[in-house]
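Dumping the structure here so I can ask a few things about it.
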Amino acid sequence: MREHKTETLLTGLAFPEAPRWHGDRLWFTDQHARRVMTVKLDGQAECILETDDLPGGLAWLPDGTPLVVAMTERAVYRIGNQAWTRYADLSVLAPYHCNDMIATADGRVYVGNFGYDLHGGAPQTRTCLIAVEVNGSCRIAAEDLLFPNGCVITPDGTTLVVAETFASRLTAFTIGDDGLLYDARIWADLGRITPDGICLDAEGAIWVASPGTGEVIRVERGGKVLARIKPVGVPYACMLGGPKRRMLFITTSETDDPNKANILKSGRIEITETAISGRGLP
């Protein structure tokens, strides 16, 4: 099993999440600082947008317009010119805070949600993935998921894999012609791993950030672990990027508590070089 060491690209963040390689830089949300940011490989960071709500997942429409999840409002917003405008209202369908998001090549996005008051100590409750069409209309695409989090879509556009964080598994769905998700099956049972943010590589393996065990793993379908990373901080998400898509970016922090995160500013973007490039949609 290959092990990797990380280097720190950027520090001083509150709680970095949702890393996406787009263009020549990494986009991410500094969630508890309420900012959408970018960073280049030379460490040059830029705040793209200061948000009124906790920013969650990021995605792009086919015309290049970036989208971001407003977590507590349970909505998706367009980003443009240091401002955001509402794109879709998910509040009727999402029972609690929305979270991560992924887009298909034709512009449909899938958005997960907590399902219950995680930080308030509510009992675990299964929830749904919501599909948002290019006209902003929303509907439930899949149900019975336990804290659906990071997602990947295979390059052929036929399969979506979602991390069920507190079920410790990756679950695959067939994407129907109607945009709904069918034929739920376990892609990988991960045992003690708590999958949060994930990304897909060119060999079809998935990199998984596991905050519960403090590591990032590379896993193949069926659950065999191929590589393991122990970053400096607690990892919450990961993304392949860079000129050859072989640089693995890992968002880490010492805490996900909003108050502590904004005081500690222990969030980092850590990086490591991999042998396999990334594929699929960011």
Side-chain angles (χ1 to χ4, degrees), residues 17-20 22 27-29 31 34 36 49 51-62 65-79 84-118 125-154 157 159-167 170-176 178-182 184 195-200 209 236-237 239 280-282:
E17 257 280 19
R20 307 285 191 265
H22 188 78
W27 288 60
F28 63 95
T29 58
Q31 195 173 102
R34 301 191 176 205
V36 177
L49 176 70
T51 63
D52 300 323
D53 196 354
L54 299 176
L58 294 166
W60 279 261
L61 293 173
T65 300
L67 302 175
V68 62
V69 170
M71 295 178 66
T72 66
E73 184 185 341
R74 292 172 285 167
V76 176
Y77 277 77
R78 293 187 183 93
I79 299 174
W84 62 348
T85 56
R86 193 159 68 178
Y87 177 68
D89 181 359
L90 286 64
S91 60
V92 174
L93 300 177
Y96 207 67
H97 296 347
C98 287
N99 194 12
D100 216 336
M101 171 172 61
I102 194 168
T104 64
D106 58 2
R108 180 185 301 111
V109 298
Y110 295 95
V111 185
N113 66 86
F114 288 18
Y116 63 98
D117 186 355
L118 171 67
T125 303
R126 294 182 179 275
T127 189
C128 58
L129 276 176
I130 297 170
V132 182
E133 303 300 331
V134 292
N135 63 2
S137 64
C138 306
R139 54 193 172 143
I140 293 175
E143 298 184 274
D144 200 31
L145 295 164
L146 188 54
F147 210 87
N149 212 324
C151 295
V152 298
I153 294 175
T154 55
T159 304
L160 180 146
V161 181
V162 59
E164 290 189 75
T165 301
F166 298 125
L170 302 178
T171 300
F173 291 90
T174 298
I175 301 175
D178 57 3
L180 300 183
L181 302 176
Y182 298 96
D196 194 324
I198 62 177
C199 66
L200 183 69
Y236 288 89
M239 177 57 57
L281 298 172

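In this chain, residues are counted from 1 in sequence order.
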Over all atoms of both residues, closest heavy-atom pair of Ala237 and Pro19: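 What the structure gives for the nearest pair is CB-CD, 3.3 Å.
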Short side-chain to backbone donor-acceptor contact, Glu164 and Leu146, under 3.5 Å: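 A pair under 3.5 Å: yes.
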Leu49 CG to Ile79 CD1 distance, which is reported to the nearest 0.5 Å: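 Rounded to the nearest 0.5 Å, the CG-CD1 separation comes to 5.5 Å.
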Gap between atom CD1 of Ile102 and atom CD1 of Ile198 - 0.5 Å precision: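 It comes to 7.5 Å.
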From Leu145 atom CG to Thr171 atom OG1, the distance as rounded to the nearest 0.5 Å: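 Those atoms lie 6.5 Å apart.
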Contacts of Asp100 that satisfy salt bridge (charged side-chain N to carboxylate O under 4.0 Å, His left out) - sequence neighbours left out: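 In terms of salt bridge (charged side-chain N to carboxylate O under 4.0 Å, His left out), with neighbours along the sequence ignored, Asp100 is linked to Arg20.
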Pairs touching residues 88-115 that satisfy ring-ring contact (aromatic ring centres under 6.0 Å, His included), sequence neighbours left out: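 Only His97-Phe114, Phe114-Phe147 qualify under ring-ring contact (aromatic ring centres under 6.0 Å, His included).
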Separation of Glu73 CD from Arg86 CZ (nearest 0.5 Å):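 The distance works out to 5.5 Å.
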Partner residues of Pro95 under the side-chain contact (heavy atoms from CB on, under 4.5 Å) criterion, sequence neighbours left out: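 Per chain and number, Pro95 pairs via side-chain contact (heavy atoms from CB on, under 4.5 Å) with Asn113, Thr127.
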Validation row: Leu58, Pro66 side chains within 4.5 angstrom (heavy atoms):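 The answer is no; the side chains never approach within 4.5 Å.
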Non-hydrogen atoms of Leu90 and Cys138 that approach each other most closely: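 Result for this residue pair: CD1-SG, 3.9 Å.
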CD1-OG1 distance between Ile175 and Thr104, expressed to the nearest 0.5 angstrom: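 So the CD1 of Ile175 and the OG1 of Thr104 are separated by 7.0 Å.
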side-chain contact (heavy atoms from CB on, under 4.5 Å) against Tyr87, all qualifying residues, sequence neighbours excluded: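 For Tyr87 the side-chain contact (heavy atoms from CB on, under 4.5 Å) partners, ignoring immediate neighbours, are Leu61, Leu67, Val76, Arg78, Val132, Val134.
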Pairing residues for Asn99 by the side-chain hydrogen bond (donor to acceptor under 3.5 Å, both in side chains) criterion, not counting sequence neighbours: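 Per chain and number, Asn99 pairs via side-chain hydrogen bond (donor to acceptor under 3.5 Å, both in side chains) with Asn149.
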Qualifying side-chain hydrogen bond (donor to acceptor under 3.5 Å, both in side chains) pairs with a residue from residues 138-148, counting only residues at least two apart or across chains: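 Only Glu133-Arg139 qualify under side-chain hydrogen bond (donor to acceptor under 3.5 Å, both in side chains).
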Minimum heavy-atom distance between Ala141 and Gly179, given as atom pair plus value: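 Nearest pair, atom of Ala141 first, then Gly179: CB-O, 4.3 Å.
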Heavy-atom closest contact (Cys128 atom, Ile140 atom, distance):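 Cys128 and Ile140 have their closest heavy atoms at CB-CG2, 3.8 Å.
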Sequence-distant partners of Ser137, side-chain hydrogen bond (donor to acceptor under 3.5 Å, both in side chains), two or more places apart: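 Counting only residues at least two positions away or on another chain, Ser137 forms a side-chain hydrogen bond (donor to acceptor under 3.5 Å, both in side chains) with Asn135.
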Residues in side-chain hydrogen bond (donor to acceptor under 3.5 Å, both in side chains) contact with Thr125, at least two apart in sequence or another chain: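 Listed in chain order: nothing, the list is empty.
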Within residues 87-99 or reaching into it, pairs that qualify as salt bridge (charged side-chain N to carboxylate O under 4.0 Å, His left out) - sequence neighbours excluded: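 Listed once each, the pairs would be none.
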Contact summary for Gly56 and Ala18, nearest pair of heavy atoms: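 Heavy-atom minimum between the residues: O-CB, 3.5 Å.
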From Thr72 atom OG1 to Asp53 atom CG, the distance as rounded to the nearest 0.5 Å: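 Here the interatomic distance stands at 3.0 Å.
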Smallest separation among heavy atoms of Ala103 and Ile153, with atom names: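 Smallest interatomic distance, heavy atoms only, reads O-CD1, 3.9 Å.
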side-chain contact (heavy atoms from CB on, under 4.5 Å) involving Asp52 - partner list, sequence neighbours excluded: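 With neighbours one apart ignored, the set is Trp84.
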